[in-house]
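Read through the structure below, which is laid out as structure tokens, and then see the notes.
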Amino acid sequence: PSRWIQIVPEVKARFQYNGHIIGSTFIEVDIHNKRFVFSGDVGRLNDLLLFKPLRPKKADFLFLESTYGARFHPEEKDTIPAISSIINETVARGGSLFIPSFSVGRSQLLMFILWQLSKEKKIPEIPMIIDSPMGLSVLELLYRSRDWHKLDENEFIEMCRNFKIVDNFKDTLEWREDEKSKIVIAGSGMMTGGRILNYLETNSADPRNTLLFVGYQAEETRGRKILEGAKEVKIYGKTLPFRMQVEEIEGLSAHADQKELLHWIKDIKSQPENIFLVHGESESSVALQNALLEKYHWESEIPDLFSIS
């Protein structure tokens, strides 16, 4: 546990390790002997790279994320073979795999999984590319912050050696024209921008290729529209045909699912005075609200969004 920081005589706060991504914490604030707990993004119980989240012991007022309050992630033992199958099927038909990925956390987890699959010879020897300036910065941070994750120095170096790390946009333009099979991981995770769009601009019409989603796709994003079956994609002002194979893997999410969120609060000794469910679409928040009532008999509120004109 981290140390308390005294802000003023009756107010103190501390930041506790929360998994999810490097540097992620939940925040406890004591104000006149009342404890306010802000969950932030709660991480996974069995993350391949990160340690399991610490858990709060007390909360008078709890602000709990509900991103995946309606979901249950598949087991890791099912997720990694699924990735292997997608890669092998794509390469067998002469295509490339393109993965839009969040630069912080998800890209590094994918690197670890692909490195392991390659080392175990479960996927073909093809170029594996990380094309994300921010992702490169996070790799450097990961190297300097080894007490935050499970990889030791030698493992980290060996993993990175298996990837072509692109930071020069000229290299992006060359790789996107390359017709040989390859795996490309690039931001942004919901395809709202980033270098993944450069690759789709030249590859979206080829049905041999696969677009693999490995993270949450918010409503109205380009990624969500493709998941919902869009046959065209608008990139840089141009409407392009979209014929790639589309796959989705949910087990890599850095967000706790419903079961893990309920586990995260299980050490709170007595029912909070108020619980507010935040950071979730309506369906997810309502599902978590019902689960809290069923498992702990705790009432909770879902705040309404409002705008100030």
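Note that the structure is a prediction, hence the values are computed from the model and not measured. Each residue takes its place number in the sequence, starting with 1.
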Sorted by first residue and then second, give each side chain to side chain donor-acceptor pair (under 3.5 Å) pair with at least one member in residues 119-136; sequence neighbours left out.
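Residue pairs with at least one partner in residues 119-136: Ser103-Ser132, Glu120-Lys122, Asp131-Thr172, Asp131-Arg195, Asp131-Tyr199.
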Testing the 3.5 Å rule here: is there a donor-acceptor pair between the side chains of Arg176 and Ser96?
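No, no side-chain donor-acceptor pair sits under 3.5 Å.
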Looking only at the side chains, is there a donor atom on one of Gln245 and Asn209 sitting less than 3.5 Å from an acceptor on the other?
no
Checking [X] now: which residues fulfil salt bridge (charged side-chain N to carboxylate O under 4.0 Å, His left out) with it, not counting sequence neighbours?
| X | value |
| --- | --- |
| Glu174 | Lys170 |
| Arg55 | Asp267 |
| Asp167 | none |
| Lys231 | none |

Pairs where residues 22-38 contributes a residue and the test salt bridge (Lys or Arg N to Asp or Glu O under 4.0 Å) is met, not counting sequence neighbours
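Sorted pair list: Arg14-Glu28, Glu28-Arg35, Asp30-Arg35, Lys34-Glu273.
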Applying salt bridge (Lys or Arg N to Asp or Glu O under 4.0 Å), which residue pairs with at least one partner in residues 276-288 are found, sequence neighbours left out?
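Residue pairs with at least one partner in residues 276-288: Arg224-Glu281.
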Treating Ile, Leu, Val, Met, Phe, Trp and Tyr as nodes and any side-chain heavy-atom pair under 4.5 angstrom as an edge, say whether [X] and [Y] lie in one connected cluster.
| X | Y | answer |
| --- | --- | --- |
| Ile165 | Ile196 | no |
| Leu252 | Leu45 | no |
| Leu50 | Val214 | yes |
| Phe112 | Phe51 | yes |

Passing candidate, ring pair (Phe, Tyr, Trp, His ring centres under 6.0 Å) with Phe26, options Trp264, Phe15, Phe36
Trp264
Taking [X] for the side chain and [Y] for the main chain, is one N or O donor matched with an acceptor at less than 3.5 Å?
| X | Y | answer |
| --- | --- | --- |
| Thr221 | Ala218 | yes |
| Lys259 | Arg71 | no |
| Ser85 | Pro81 | yes |
| Thr210 | Leu212 | no |
| Gln116 | Ile113 | no |
| Ser204 | Pro241 | yes |

Heavy atoms of other groups near Glu140 CD, more than 12 under 6.0 Å
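Above 12, so yes.
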Tell me whether the count of non-hydrogen atoms from other residues, nucleotides or ligands lying under 6.0 Å of CG in Asn33 goes above 12.
no
With Asp41 via side chain to side chain donor-acceptor pair (under 3.5 Å) - residues at least two apart
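Listed in chain order: His20.
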With sequence neighbours excluded, tell me which residues meet side chain to side chain donor-acceptor pair (under 3.5 Å) with Asn88.
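Ser84.
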Would you name the heavy atoms of Ser66 and Gly280 that are closest together and state the gap between them?
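Ser66 and Gly280 have their closest heavy atoms at OG-CA, 3.5 Å.
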Taking all non-hydrogen atoms of both residues into account, name the closest pair between Met111 and Ile185 and its distance.
N-CD1, 4.5 Å
Measure centre to centre between the rings of Trp148 and Tyr17, then say whether the value is under 6.0 Å.
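Yes, they do, as the ring centres are separated by less than 6.0 Å.
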What about Tyr68 and His73, are their ring centers closer than 6.0 Å?
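That pair passes the under 6.0 Å test.
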What pairs of residues pass the ring-ring contact (aromatic ring centres under 6.0 Å, His included) test when at least one of them lies in residues 228-250, not counting sequence neighbours?
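For residues 228-250, and leaving out neighbouring residues, there are no ring-ring contact (aromatic ring centres under 6.0 Å, His included) pairs at all.
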Under the ring-ring contact (aromatic ring centres under 6.0 Å, His included) rule, what pairs show up with a residue in residues 163-197, not counting sequence neighbours?
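Output for this query is empty, none listed.
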Roughly how far apart are Ile126 CD1 and Ser181 OG, rounded to 0.5 Å?
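If I round to the nearest 0.5 Å, the distance is 6.0 Å.
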All side-chain contact (heavy atoms from CB on, under 4.5 Å) counterparts of Glu177, not counting sequence neighbours
Thr202
In terms of relative ring orientation, are Phe38 and Phe63 parallel, tilted or perpendicular, with 30° and 60° separating the classes?
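Geometry flag for Phe63 against Phe38: parallel rings.
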